[in-house]
Visitor: 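Got a structure for you, written out below as structure tokens; questions coming shortly.
Letters A, B, ... mirror the listed sequences (proteins, then strands); counts begin at 1. Everything numeric in this text was worked out from a predicted model, so none of it was measured.
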Protein chains: 2
Amino acid sequence: MSAAPPSPPPHVSAQSLPLAHRLAGKKVLLIGAGSVAHTRLLKLIPTGARVTLISDRVSPAVQRDFLDKGLVARHVAEPWDRAKAAARDPMRGYHLVLITLPRSNQQLSRDIYAFYKCHHGEQQLVNVADEPGLCDFYFGADLVLACEKTPQHAITLSVCSGGGAPRFAALLRDYIQAVLDPMQSTLLAGFAQLSSLRAAIRALPSPESARDIGHRMRWVRHVTDALGLARASRLDVARAVGLYRDTEIGEKQLPGEEEIARLLT
Amino acid sequence: MSAAPPSPPPHVSAQSLPLAHRLAGKKVLLIGAGSVAHTRLLKLIPTGARVTLISDRVSPAVQRDFLDKGLVARHVAEPWDRAKAAARDPMRGYHLVLITLPRSNQQLSRDIYAFYKCHHGEQQLVNVADEPGLCDFYFGADLVLACEKTPQHAITLSVCSGGGAPRFAALLRDYIQAVLDPMQSTLLAGFAQLSSLRAAIRALPSPESARDIGHRMRWVRHVTDALGLARASRLDVARAVGLYRDTEIGEKQLPGEEEIARLLT
């Protein structure tokens with residue numbers, strides 16, 4: 001039964017899958033430098049991605065906010081060219097290829113899409129602005145909750161309409177942002193404590209069997225749920241690690257409400 | 001200035017970038033078939049991805065919920081093997097490679113990570129469960145708002161802790177879900193109307209210059225903002241398209257509140 005011949009999965013639906021990408025130091029190709037490219041750069045630059053921008057024409061806003069500030073790793077100030085593209089990067093693909101040419105260049109956008117798919121393989125991720133059918137992924141309306149001190153430790157929240165109505169997604173994002181605003185500092189403090197707890201427990205020197213991992217996951221999950229969004233910020237991480245070590249040696253039981261309460265500062 | 005030598009982007013921070021992936025019909029490789037693989041499959045199968053599962057051992061839950069139902073495109077019921085992996089897919093990569101082996105196999109997980117990065121190029125997306133440093137992307141806690149009739153037209157919402165505290169992200173997702181629950185049918189109806197409006201306007205036969213696209217985007221944005229989350233569900237799409245056509249020919253002005261009010265059913 002396990003070795004049954006492959007059968008195509010039933011297309012129950014075609015939901016998109018949200019994934020949060022780490023792009024620090026990775027290559028991203030952006031073709032076009034108008035208003036859509038500007039919105040792309042606003043999202044890309046804070047990730048630390050190394051952006052190659054191909055465009056002979058550059059909008060004043062892209063020039064001022066990104067090129068003049070040295071935030072774009074490389075600017076090829078020419079129209080996109082097939083032969084040069086083939087020579088530029090014959091072996092390796094990009095983490096993302098973003099095409100943001102004006103709609104009057106629709107055929108060129110489609111040719112560029114086909115070129116990168118052919119050149120780097122079907123798995124090369126490409127997004128053609130304003131053409132939902134030529135997008136391997138969609139951008140969403142994002143909300144970043146980040147500590148000022150450690151901006152890399154952020155909770156990201158993304159609302160995506162799958163190319164349907166991005167501005168409506170942005171309104172929903174704004175609504176959620178307003179709801180979360182009064183809780184933000186509590187949320188971030190709780191997130192920081194639970195991240196520390198998780199990293200500390202993962203780093204414990206005890207040899208872990210597959211079963212121990214299951215126990216660790218259940219334990220952290222249980223403690224997180226018991227604390228909830230409001231109380232997590234008051235977690236004493238060192239005491240929690242101690243409690244985990246004690247119960248790990250023993251019966252692998254999960255702490256009760258009284259033990260959880262003793263972990264609070 | 002545009003031709004300045006490339007300079008590395010300053011790593012202001014390393015925020016992750018949320019992207020919603022269309023995976024229908026695309027190849028995804030999943031190595032391991034335990035409890036983590038089960039959570040991955042719960043996310044992957046509704047996207048229509050073609051999952052290849054490599055694992056000699058399969059958990060009862062994965063067997064029951066996915067293999068027995070024929071939802072996995074291909075099951076290789078053997079341990080992962082370097083030579084076979086190289087022979088299996090010598091040219092093309094996968095849209096995603098997900099490694100979910102027990103932590104006792106940590107070195108093997110790292111070897112597999114290196115193999116796919118080397119074999120398919122740095123841009124091959126890989127996620128090693130429970131190893132944040134070996135993840136090109138993180139999974140979030142997702143919320144899908146979807147019409148029952150047209151599940152592919154969904155708003156996805158994803159909360160991601162960047163590998164820090166996924167269960168805390170899930171609690172935040174649950175909180176947002178509870179907040180949105182009373183609004184859900186209104187939100188979905190509004191989303192459907194605005195998606196229809198946007199598609200109808202994009203499909204208008206008038207030749208569009210770059211400037212017209214700017215106008216179209218400003219117009220849809222303006223109408224969306226003017227309607228807001230609550231009123232969008234009452235939009236008469238045909239009347240709105242008519243209004244857009246009229247103003248497109250004229251002075252490219254944006255409709256006022258009175259004109260917007262006349263678009264409501």
Visitor: Could you go through A/Gln123 and B/Tyr94, starting from their C-alpha distance and side-chain angles, then the distance that decides it, and tell me whether this counts as side chain to side chain contact (heavy atoms under 4.5 Å, CB included)?
Guide: CA-CA 6 Å; A/Gln123 85 276 19; B/Tyr94 294 89; 5.9 Å; no

Visitor: Please look at A/Ala232 and chain B and tell me whether the side chain, the backbone, both or neither of the residue comes under 4.5 angstrom of a heavy atom of that chain.
Guide: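 Just the side chain, heavy atoms under 4.5 Å.
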
Visitor: When you measure from the side chain of B/Gln63 to the backbone of B/Val58, do you find a donor-acceptor pair of N or O atoms at a distance under 3.5 Å?
Guide: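 Not a single qualifying donor-acceptor pair exists.
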
Visitor: CG of B/Leu42 to CZ of B/Phe66: how many Å apart, nearest 0.5 Å?
Guide: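 Output value for this atom pair is 4.0 Å.
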
Visitor: Quick one: which of A/Ala199, A/Gly190, A/Pro132, A/Gly162 has the most heavy-atom pairs under 4.5 Å with chain B, could you say?
Guide: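 Looking at each of A/Ala199, A/Gly190, A/Pro132, A/Gly162 in turn, A/Pro132 comes out on top.
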
Visitor: Let me know if A/Leu227 has heavy atoms under 4.5 Å from chain B in its side chain, its backbone, both or neither.
Guide: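 A/Leu227 has no heavy atom closer than 4.5 Å to chain B.
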
Visitor: Quick check on A/Thr224 against chain B: is it the side chain, the backbone, both or neither that has a heavy atom closer than 4.5 Å?
Guide: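 The answer is both parts of A/Thr224.
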
Visitor: Chain B: which of A/Gly121, A/Ser195, A/Cys160, A/Ala192 shares the most heavy-atom pairs with it under 4.5 Å?
Guide: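 With the most close heavy-atom pairs to chain B, the winner is A/Cys160.
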
Visitor: To the closest 0.5 Å, what do you measure between CG (B/Leu172) and CD1 (A/Ile176)?
Guide: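 That separation rounds to 9.0 Å.
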
Visitor: Please classify the contact between A/Asp142 and chain B as side chain, backbone, both or neither, with a heavy-atom cut-off of under 4.5 Å.
Guide: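 Just its side chain gets close to chain B.
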
Visitor: Centroid-to-centroid, B/His222 to B/His215, below 6.0 Å?
Guide: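 When the ring centroids of B/His222 and B/His215 are compared, they turn out to be at least 6.0 Å apart.
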
Visitor: Top residue by heavy-atom pair count (under 4.5 Å) with chain B, among A/Cys135, A/Ser196, A/Gly140?
Guide: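 Among A/Cys135, A/Ser196, A/Gly140, the one with the most close pairs to chain B is A/Cys135.
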
Visitor: Please check: side-chain N/O of A/Arg198 versus main-chain N/O of B/Gly164, any donor-acceptor pairing under 3.5 Å?
Guide: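 The answer is yes, because a donor-acceptor pair under 3.5 Å joins these two groups.
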
Visitor: Checking heavy atoms, do the side chain of B/Leu143, its backbone, both or neither come under 4.5 Å from chain A?
Guide: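 For B/Leu143, no heavy atom lies under 4.5 Å from chain A.
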
Visitor: Please determine, among B/Pro166, B/Gly34, B/Ala170, B/Ser35, the option with the most heavy-atom pairs under 4.5 Å with chain A.
Guide: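 The candidate making the most pairs under 4.5 Å is B/Pro166.
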
Visitor: Is the shortest side-chain heavy-atom distance between A/Leu194 and B/Phe168 below 4.5 Å?
Guide: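 Side-chain contact under 4.5 Å: yes.
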
Visitor: Can you tell me which portion of A/Leu180 sits under 4.5 Å from chain B's heavy atoms? Options are side chain, backbone, both or neither.
Guide: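 Only the side chain of A/Leu180 comes within 4.5 Å of chain B.
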
Visitor: For B/Val72 and B/Thr52: C-alpha separation, side-chain torsions, deciding distance, then whether side chain to side chain contact (heavy atoms under 4.5 Å, CB included) applies.
Guide: CA-CA 7 Å; B/Val72 170; B/Thr52 295; over 6 Å; no

Visitor: Among A/Ser158, A/Ala165, A/Ser16, which residue has the highest count of heavy-atom pairs closer than 4.5 Å to chain B?
Guide: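 Highest number of pairs under 4.5 Å: A/Ser158.
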
Visitor: Identify which of B/Thr156, B/Ile155, B/Leu157, B/Val159 forms the greatest number of heavy-atom pairs closer than 4.5 Å to chain A.
Guide: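 Ranked by heavy-atom pairs under 4.5 Å with chain A, first place is B/Thr156.
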
Visitor: Which atoms of A/Arg221 are under 4.5 Å from chain B, going by heavy atoms: the side chain, the backbone, both sets, or neither?
Guide: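 Looking at A/Arg221, backbone and side chain both touch chain B.
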
Visitor: Measuring heavy-atom distances to chain B, does A/Leu229 have an atom under 4.5 Å in its side chain, in its backbone, in both, or in neither?
Guide: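 For A/Leu229, backbone and side chain are both near chain B.
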
Visitor: For chain B, which candidate among A/Leu125, A/Leu23, A/Val220 shows the most heavy-atom pairs at distances under 4.5 Å?
Guide: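 When all of A/Leu125, A/Leu23, A/Val220 are compared, A/Leu125 has the most.
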
Visitor: At a 4.5 Å cut-off on heavy atoms, which part of A/Asp225 comes close to chain B: side chain, backbone, both, or neither?
Guide: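 A/Asp225 touches chain B through backbone and side-chain heavy atoms alike.
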
Visitor: Name the region of A/Leu44, side chain, backbone, both or neither, that has any atom closer than 4.5 Å to a heavy atom of chain B.
Guide: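 For A/Leu44, the contact with chain B is made by the side chain alone.
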
Visitor: Could you check whether any side-chain N or O of A/Lys117 sits under 3.5 Å from a backbone N or O of A/Glu122, counting only pairs where one atom can act as donor and the other as acceptor?
Guide: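 Yes; at least one donor-acceptor contact below 3.5 Å.
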
Visitor: Using the six-membered ring wherever Trp is involved, compare the ring planes of B/His120 and B/Tyr116 and label them parallel, tilted or perpendicular (cut-offs 30° and 60°).
Guide: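 If you compare the ring of B/His120 with that of B/Tyr116, the planes turn out parallel.
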
Visitor: Walk me through whether B/Asp130 and A/Arg202 qualify under salt bridge (charged side-chain N to carboxylate O under 4.0 Å, His left out).
Guide: CA-CA 9 Å; B/Asp130 208 33; A/Arg202 196 195 287 123; 3.4 Å; yes

